[in-house]
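Note that these values count all heavy atoms, side chains included, but never hydrogens, waters or copies made by symmetry.
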Amino acid sequence: MTAAATDLAPVSPFATESPLGGALTEVRATPVDEIPAIVARARAAQKEWSERTVEERVRTLRRLKDRVLDAAARIASVVSREIGKPETEAWSAEVLGTADVVDYWCASIDEHLAEMTVSIDPIAYPKKRGTITREPRGVIAVIAPWNFPFALPFRTIVPALLAGNAVVLKPSEIAPRSGALIGDMIAGLVPDDLFAVVQGGGDIGGALCTADVDLVAFTGSVATGRKVARACAERLVPCALELGGKDAAIVLADADLDRAANGVVWGALTNAGQNCASIERVYVERSIEAAFTEKVLAVVRSLKPGDDVGPMATARQCTIVREHVNDARAKGAKILVGGEAGAGTHAFAPTVLSVTSDDLVIMRDETFGPVIPIAVVENADEAIARANASRFGLTASVWTSDIARGARIARKLRAGVVTVNNHAFTGALPSAPWSGYGESGYGITNSPLALDVLTRPRFVLLDRNRSSRELWWYPYTPALRTVLSSMAILRSGTSTLMAKLHAVWDLVRAMPKRLGGG
């Protein structure tokens, strides 16, 4: 390396220009070598925090709801400026949903962490009582995405803190200012160092994965998710991965076409399609395809750029969308509306395509953009088969007037979340689990099931037996063998009545001898 090269300042990993135009405020990157100390301080703070009662932790975190709501306009503005999301959408998806998360967990965490009693056979194991408690895992690393940069981290942060953990958050380098806002909301509520925000690119995320953390919760790309999983496997610590999707909507012949068209357009285009639960494939029965498509086109053409659909967050994402659309066009897909990026901007026009094959990049890979590919199917069985023929499996939707039939189809779809006559919004329901199949990753956010990764189960057995020895302790004697073989015969569902009667007789004779030490 030349002397001149060593004098160059490191390239900032952060976006410096808003997708809406204009400069963004500067962000300080966290030096990589500070990560171990930050995690160590979080671990020290977690010890005291975990010793507080659940009620104390709830009283502390409950104030977070009002902080978020009071700062709603600021949050919406920062998110909009940083990733291009319309402010109205930011109010809905980032602000109000976060308030609901705080409400839900503060109201229910005590119940979900309550001690559970284990059923123990009093004959085989007399005078014993067992309990299970959920213990905090320790220090949780949250590596967050840029598409919902304020709301998504809170779905892990709030239950993690309430369960007694410490949290270190690494926001996306595309949305670091939204991540810093999360730190502002929590500052002063919890003990110093219990919650920390670290800023930077992939080097910071990698350092977190190899630091002394007890769980990594990652949301992002499949490629990076694999790296996170490998790093965690080396340390034998768990990770929770949410890696995106290629979500399908199935529109059946009996669907309410107005609702289906409006719902599919919103499910595909909200956040400019930059949603892991965006509708990226639509399978519609042939008999209604023309009418449904016409209604979709009418809805799309009515949308106002900027107000309804914002620009893409990054030039790179805009390029990916363009490549997918161009590949589809080259292979025979028809562009019914849109299909082009705005000159000199990150905006990509809301696009509807008619496709005749699933052998297209846009039908296989995650597009993450404002594109609606529509494919014709002959019946529901074909739609189910094509929807399931994906390496992803996050969410799906079925559109039909027959709710019972919709529920039956939902059970056949390979997806972690299936909605009938709606799409995508259930991620905002803190009581409903969010998880997926295949390359959509593993791990759960939302619902009490999320505590399976945020806590460790601890089983404690209390034995009030005052006998000098247990039945199965030393010495191993013929009497013990007789007792055990008799129990096996009595528990067997295939033993004859005569065999069981003999076993009872043998047990009655051998048990006193065994309990007497023989």
Checklist entry - For the side chain to side chain contact (heavy atoms under 4.5 Å, CB included) test, which of T131, I132, T133 pairs with R458? => result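 With R458 as partner, side chain to side chain contact (heavy atoms under 4.5 Å, CB included) holds for just one option, T133.
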If you round to the nearest 0.5 Å, how far is [atom2] of [Y] from [atom1] of [X]?
X    : Y    : atom1 : atom2 : value
L515 : E470 : CG    : CD    : 10.0 Å
F14  : I174 : CZ    : CD1   : 11.5 Å
L169 : I140 : CG    : CD1   : 12.5 Å
I182 : I186 : CD1   : CD1   : 7.0 Å
S447 : L429 : OG    : CG    : 11.0 Å
S278 : H423 : OG    : NE2   : 7.0 Å

Item to check | Residue pair D247, T395: steps toward the side chain to side chain donor-acceptor pair (under 3.5 Å) verdict | outcome: CA-CA 6 Å; D247 298 352; T395 85; 2.6 Å; yes
Less than 4.0 angstrom from a charged side-chain N to a carboxylate O is my criterion; do [X] and [Y] meet it?
X    : Y    : result
K65  : D100 : no
E439 : R391 : yes
R59  : E55  : no
D463 : K127 : no
R62  : D103 : no
E135 : R456 : no
D506 : R509 : yes
K85  : E94  : yes
E34  : R28  : yes

Would the distance check show the side chain of [X] and the main-chain N or O of [Y] forming a donor-acceptor pair, the cut-off being under 3.5 Å?
X    : Y    : value
T156 : P153 : no
S108 : Y104 : yes
E382 : E378 : yes
R235 : A211 : yes

Considering only heavy atoms from C-beta outward, does the side chain of [X] approach that of [Y] to under 4.5 Å?
X    : Y    : value
T219 : C276 : no
S397 : V420 : no
R134 : D452 : yes
F392 : V222 : yes
N421 : I403 : yes
V237 : L215 : no
I120 : R129 : no
I250 : E285 : no

Checklist entry - Between E280 and K246, is a salt bridge (Lys or Arg N to Asp or Glu O under 4.0 Å) present by the stated rule, with each step listed? => result CA-CA 6 Å; E280 297 210 355; K246 191 68 185 175; 2.7 Å; yes
Next on the checklist: With side chain to side chain contact (heavy atoms under 4.5 Å, CB included) as the criterion, how do L64 and W105 come out once you've worked through the C-alpha distance, each side chain's angles and the decisive distance to 0.1 Å?
Outcome noted: CA-CA 12 Å; L64 181 58; W105 284 108; over 6 Å; no
Item to check | Y437/N388 under side chain to side chain donor-acceptor pair (under 3.5 Å): CA gap, chis, key distance, verdict | outcome: CA-CA 10 Å; Y437 289 66; N388 287 344; over 6 Å; no
For [X], is the [atom1] atom crowded, meaning more than 12 foreign heavy atoms sit under 6.0 Å from it?
X    : atom1 : value
R226 : CZ    : no
K128 : NZ    : yes
D121 : CG    : yes
K500 : NZ    : yes
R63  : CZ    : yes
E234 : CD    : no
Y125 : OH    : no

Which atom names give the shortest non-hydrogen contact between [X] and [Y], and what distance separates them?
X    : Y    : value
Q199 : P176 : NE2-O, 2.9 Å
S440 : G244 : OG-O, 2.7 Å
G245 : L394 : CA-CB, 4.3 Å
G518 : T477 : O-OG1, 3.0 Å
E173 : G202 : OE2-N, 4.4 Å
A151 : A93  : CB-O, 3.3 Å

Checklist entry - Are V453 and I444 close enough, and set up right, to give a side chain to side chain contact (heavy atoms under 4.5 Å, CB included), and what steps lead you there? => result CA-CA 8 Å; V453 294; I444 300 171; 5.9 Å; no
Checklist entry - Hey, mind stepping through T400 and D402 against side chain to side chain donor-acceptor pair (under 3.5 Å) and telling me if it holds? => result CA-CA 5 Å; T400 174; D402 187 338; 5.7 Å; no
Checklist entry - Please, which pairs that meet ring-ring contact (aromatic ring centres under 6.0 Å, His included) have at least one residue in residues 476-516, sequence neighbours excluded? => result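 Qualifying pairs, neighbours excluded: Y474-Y476.
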Item to check | Sub-6.0 Å ring centroid separation between W146 and F368 | outcome: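 That pair passes the under 6.0 Å test.
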Next on the checklist: Testing the 3.5 Å rule here: is there a donor-acceptor pair between the side chains of S357 and D359?
Outcome noted: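 No pair is found: no donor N or O on one side chain lies under 3.5 Å from an acceptor on the other.
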Item to check | T30 versus K170, side-chain donor and acceptor atoms under 3.5 Å | outcome: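 Distance-only check fails for K170 and T30.
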Under 3.5 Å donor-acceptor pairs involving side-chain atoms of residues 158-168, not counting sequence neighbours:
unit_1: N165; atom_1: OD1; unit_2: R137; atom_2: N; d: 2.7
unit_1: N165; atom_1: OD1; unit_2: G138; atom_2: N; d: 2.7
unit_1: N165; atom_1: ND2; unit_2: A160; atom_2: O; d: 3.0
unit_1: N165; atom_1: ND2; unit_2: L454; atom_2: O; d: 3.0

Next on the checklist: Show, in sequence, the C-alpha distance, side-chain angles and deciding distance for Y442 and E242, and conclude whether the side chain to side chain contact (heavy atoms under 4.5 Å, CB included) test is met.
Outcome noted: CA-CA 6 Å; Y442 50 83; E242 202 270 83; over 6 Å; no
Checklist entry - Does the pair V216 and L208 meet the rule for a side chain to side chain contact (heavy atoms under 4.5 Å, CB included), with working shown? => result CA-CA 8 Å; V216 178; L208 260 185; over 6 Å; no
